[in-house]
Colleague: 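Okay, here's the structure, questions in a sec.
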Amino acid sequence: MDFVAIVMGSKSDYKVMDECVEILKKFDVSYEVVIASAHRSPNRTKEYVKQAEEKGAKVFIAAAGMAAHLAGAVSAMTTKPVIGVPLKGGALDGLDSLLSTVQMPSGVPVATVALGKAGAINSAYLAMQILALSNAELEGKLKEDRVMKAKNVELDSADIEVIL
Ligand code: RP5
């Protein structure tokens, strides 16, 4: 079964990454979610990536804060697409995790999304867009979602707009 494998570095990351999970649920996309740290549990991280690939993970989402090496470590162990979510927190409030996640050496990519909540949500959308390359039903749902988003902009504007 195709699914999205979500890995986060700490339980404390879940307060933001639940936004990612909720989007996948809304679109009825199968997912796994686990805590595995690049630093605190490197062996568990390696084992999980291997097992998830064997079970059918088509795309990985890896979220971490501070010295956020998790997405890079996952990418080192798979040729499936890896989406990195840098999380805020710590003394540098996310600049550390952003740079740690995005600045991968050539040949081992991490598709890095925005810091924090927007990134958590966009990681789910990007994972679904990857799955939709071979899933027409999901592609249709994503297109409908874009139409709804455009309509919502018009509705929001209608509430407050002033046009001369
Ligand atoms: C990172 O360190 C985790 O991804 C988390 O964002 C951060 C802090 O972890 P905790 O100390 O809250 O467990 O590895």
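One-based numbering, in listed order, for ligands and for the atoms of each.
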Colleague: Taking everything shown except K55 itself, do over 12 heavy atoms lie less than 6.0 Å from its NZ?
Modeller: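 Yes.
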Colleague: Which atoms of ligand 1 have any heavy atom of A64 under 4.0 Å away?
Modeller: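 That gives atoms 4 (O) of ligand 1.
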Colleague: Taking the side chain as C-beta and beyond, is there a heavy-atom pair between L142 and F27 under 4.5 Å?
Modeller: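 Result yes, sub-4.5 Å side-chain heavy-atom pair found.
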Colleague: Between the side chain of R40 and the main-chain N/O of G9, is any donor-acceptor distance below 3.5 Å?
Modeller: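 Pair absent, no side-chain N/O of R40 close to backbone of G9.
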Colleague: What is the closest protein heavy atom to atom 8 (C) of ligand 1, and at what distance does it sit?
Modeller: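 Among all protein heavy atoms, the one nearest atom 8 (C) of ligand 1 is M66 SD, 4.0 Å.
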Colleague: Does K141 reach the side chain of D28, with side-chain heavy atoms less than 4.5 Å apart?
Modeller: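 A side-chain contact under 4.5 Å exists here.
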Colleague: Considering only non-hydrogen protein atoms, determine which one is nearest to atom 13 (O) of ligand 1 and report residue, atom name and distance to 0.1 Å.
Modeller: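 Looking at atom 13 (O) of ligand 1, the protein heavy atom closest to it is S10 OG, 2.6 Å.
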Colleague: Heavy atoms only, cut-off 4.0 Å: how does S12 contact ligand 1, side chain, backbone, both, or neither?
Modeller: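 The answer is the side chain.
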Colleague: I need the contact type for R40 against ligand 1. Using non-hydrogen atoms and a strict under-4.0 Å cut-off, is it side chain, backbone, both or neither?
Modeller: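 The answer is the side chain of R40.
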Colleague: Does E137, at its CD atom, have more than 12 non-hydrogen atoms belonging to other residues, nucleotides or ligands within less than 6.0 Å?
Modeller: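 No - once you tally the heavy atoms of other residues, nucleotides and ligands closer than 6.0 Å, there are 12 at most.
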Colleague: How far is atom 1 (C) of ligand 1 from the closest protein heavy atom, and which atom is that?
Modeller: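 Its nearest protein heavy-atom neighbour is G65 O, 3.5 Å.
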Colleague: Which of these, I35, V85, D13, has its nearest heavy atom closest to atom 4 (O) of ligand 1?
Modeller: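 It is D13 whose heavy atom sits nearest to atom 4 (O) of ligand 1.
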Colleague: Any chance NZ of K149 has more than 12 other-residue heavy atoms, nucleotides or ligands included, within less than 6.0 Å?
Modeller: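 Yes - once you tally the heavy atoms of other residues, nucleotides and ligands closer than 6.0 Å, there are more than 12.
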